[in-house]
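See below for the structure under consideration.
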Amino acid sequence: MSTAIPWSVKPHPVTGIPNAKLGIWLFLASEVMLFGALFSSYILIRTGSEQWPMGRTILNIPLATLNTVILITSSVTMVMAWASLKMNQFGKFKLFQTLTILLALGFMVVKAFEYGGKLHHYEVTLVEGSEAADKAGALKITGHIDHATAGNGGAITSWIRSRDDLHDGKISFVADPPAGSHEHPAAIELAAEDMERLTFFGPHRDTFFAVYFTLTGLHGIHVLGGIVVLLYFLLPGSRMWRTDPERFTGRIECTGLYWHFVDLVWIFLFPTLYLL
Amino acid sequence: MTDTHPNGSPGAREAHGGGHGETSFLWKYVFSQDHKVIGIQYGITGLCFLFFGFTLMMLMRWQLAYPNQPLPWPWLAELLGNIRAPGGVLEAGFYNQLGAMHGTIMVFLGVVPIAVGAFGNYVVPLQIGAPDMAFPKLNMASYWVYFCGGVIMLASFFVPGGAASSGWTSYPPLSNIATQGQTWWLVGMVFLITSSLLGSVNFIVTIVQMRAPGLSMFRLPFFVWAQLVTAFLLLLAFPPLEAAGVLQLMDRVFGTSFFLPSGLVVNAIPYAQTTGYSGGGSALLWQHLFWFLAHPEVYVLILPAMGIVAEIVANNTRKPLWGYRLLVYAAIFLGFMSFIVWAHHMFMTGMGTVMSTFFQTTTMIISIPSVIILTCMILSLWGGSIRFSIPMLFALAFLPMFAIGGLTGLPLGLTLSDLHLHDTYYVIGHFHYVVAPGTIMALFAGIYYWYPKVTGRKMSGLLGHLHFWPTLILMNSIFMPMFFMGMAGLNRRMYDQTVYVHGRGVQPLSLMVSWSAWMLAVAQIPFIINFFKSWKAGEKVNDNPWEATTLEWAAPSPPPHGNFTTLPEVHRGPYEYSVPGQSGDFCPQHARPDSASEGTPSAPPVPAAH
Ligand code: HEM
Ligand SMILES: [Cu+2]
């Protein structure tokens, strides 16, 4: 317990809001600066680079669209949760709060699939003039690894990060379908010594993926943080409803403000990364 | 009233709900949510870090005074070990660690926590007549997150390769390819940034929402205004550094290339070959993000100091501050401008003349409010009957010291003269005049001034004099020579300057700096004795020993949990000293209009309206 803090529940007569609401707005202002700095970095790096991949050609737009819908819906259920408290319907609040959490979890699951796709998608840079380069018809090919064998003949089942993980072995590589088709070409055998670089589509692949993973990752952490807070107010935190309903409603409102902000960040991220 | 003991009035405690759990030592002094306890925690921790950062510097000064000679005491060499000091001689890489960590610790773990965490926390709620900060739990969290950040920074000295060694600025690409200590530095910074974020939200909400009845914004003491502007700077300038920290962490941990350009060559080997990095990043991007924080950061270092000095000057001249509103507007303008001057640290990066001209212009503009603030304070002295108390001595010393620091900054803000001065000891001299003889003196002033509020006792005047005079002289004999060394062309961050002819030329000055720095440490002994001895044995004083007007002096010393026996109500501006027609020479903010003419220190706090 602490001292009785004025305006912790009732709105201040001059500013018209209670302390916590001003606090959350200030916090969001700092968040704007955080993401603003990251977006600015993105612009600086993109304008400074010689070439930049089009997001829509390498990222999964359908999944991202689905996630956009999920997140916007969760913003709606969040508002409903708060409105239910305002209308004194605690049961409905529990329902909408649960829905919000489920949608947030849904977002994370979709995100995990999206990330997983990237982590198992590879790019091979072949040694110039090698037989393999002739066979593949290009120096750089992208696709996935069907199976891999180590130099001693044993199969590699673990996740491959780079050429070193092959231990002088080889991979059977299925290239992506050429533009305008959905047919994968036949798998080709590539030996470790044929490759200059083997990399999955992780953050280190190029600055585009560096930006993609950093921004969506940081946003994902914000979603996770939101889930923790939402769960707290759904379960142990909701006891306050019985002792101090007004304060509890205020807390849900602040949570909601944060949640809408997380939603808004995604609304910016989606076109910036996936469409532009 | 004047002799009210801290917890003397049980009614007050009850009224403010001392509450359960508060009885155990752990909850009362360690995980306390009381802004006063947290303020003291910040203060003590900050002073320890200040001392530690200073110790690192004293080590460096040995190498600079006596290049490549073994340390004077064998036990010291032993303590550092063979890696850091082979044969007793400081190793060059370790010298770099010392420099980087001196800067980091002084700024982020020493001065800011004391100026904002300690003074802000302790004094602001009292000065605005609030029972506590708006979010006591956040306040506690902010201290402990800061504490963890500090522990991480200290621990980094013991990881393989040692602590961060790329300067407090951590410029890539060197910082990107540095040893593990740099990662620790980044993680530590994330903690410190989080802490100051929590703190700044708390300060703003407290000041905006929790002022006592009648305390309008323009009746706030200037110290509170300074803290408010500071809090906005922390709130808005730190996140870009957090962004930069995240990007550098990504570079170091996940192998991205945000700050690594294509074609980087390290030790004659193409970096891509050894690491498989992709390139395509920009080293300058870091500098932009870093200085976007770090320029406002210098105002975070100086604004609270100005606030402290303003309080003490008004109190000891027995006059209202000259140009109070001007001071406030200047501080706000300073806050705004500090966001658009950052690239004056980057004139030498080849970012282009248009950019340079823009930032040169904004830099000249931002010097105007600083000069206004200084001028107001100097004019405040005019015609006052000055009380040369110990706090006032330090505050008076602040004024010319800050002036030297500020004025020597102008040649650095002009592209032409910066060409010559950039990255030399001139820069070191310039900003230290602001932060050491400037801010540190103001912090001492604040400690002497508010000590009676915290403890109910005054610090010794004799020891105060013994502390003040040597400190003032030594601060100058440390930092003044640096201007001349810098103008002679001596680079900063130099392990052994005697390898250059121009370095050997100024080596006598380097000796003078080092000896002054070591003597400065000795000169702090009276302060340390004074600080601890007075806690129990200092002269007992009443609640308002300086006969001051602001609200903190209306509370008992030390203030109980909840601060005021009755919440004060404010009837006038902050500095009503020597108002013509009044009998006393000061009139507290909370004194009722009818009792105003009495203006005695024992004017009782008026019961709050509600
Ligand atoms: C009064 C005692 C102090 C002394 C004797 C001192 C001395 C020095 C010296 C000689 C350097 C230059 C080292 C080099 O270039 O190799 C330096 C760097 C620095 N100092 Fe201090 N300093 C003191 C206090 C402070 C304070 C109070 C602060 C901050 C609030 C501070 C912040 C810094 C910073 C940021 C650097 C730059 C580090 C870097 O190059 O990355 N110092 N100090
Ligand atoms: Cu600057």
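Keep in mind the model is a prediction, meaning the values are calculated, not measured. The figures that follow rest on heavy atoms only: side chains count, while hydrogens, waters and symmetry mates do not. A note on names: the letters A, B, ... follow the listed sequences, proteins ahead of strands, and every chain is numbered from 1.
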Max heavy-atom pairs within cutoff under 4.5 Å with chain B, candidates A:Ile24, A:Val14, A:Val32, A:Val211, goes to A:Val211
Proximity breakdown for B:Phe135 and chain A, heavy-atom pairs closer than 4.5 Å
side chain
Please classify the contact of [X] with chain B as side chain, backbone, both or neither, using a heavy-atom distance under 4.5 Å.
X        : value
A:Leu22  : both
A:Ser41  : both
A:Arg205 : backbone

Side chains of [X] and [Y], heavy atoms from C-beta outward: is any pair under 4.5 Å?
X        : Y        : result
A:Phe27  : B:Leu197 : yes
B:Leu235 : A:Met33  : no
B:Leu247 : A:Leu38  : yes
B:Phe232 : A:Leu26  : yes

Nearest atoms (heavy-atom pairs only) where B:Ala134 meets A:Asn19
CB-ND2, 4.1 Å
Max heavy-atom pair count under 4.5 Å with chain A, selected residue of B:Gly279, B:Ser200, B:Pro240:
B:Pro240
Looking at B:Tyr277, B:Phe258, B:Phe292, which one has more heavy-atom pairs under 4.5 Å with chain A than the rest?
B:Phe258
Contact list for residues 208-224 of chain A, test side chain to side chain donor-acceptor pair (under 3.5 Å), sequence neighbours left out:
A:Glu31-A:His222, A:Glu114-A:Tyr212, A:Tyr115-A:Thr216
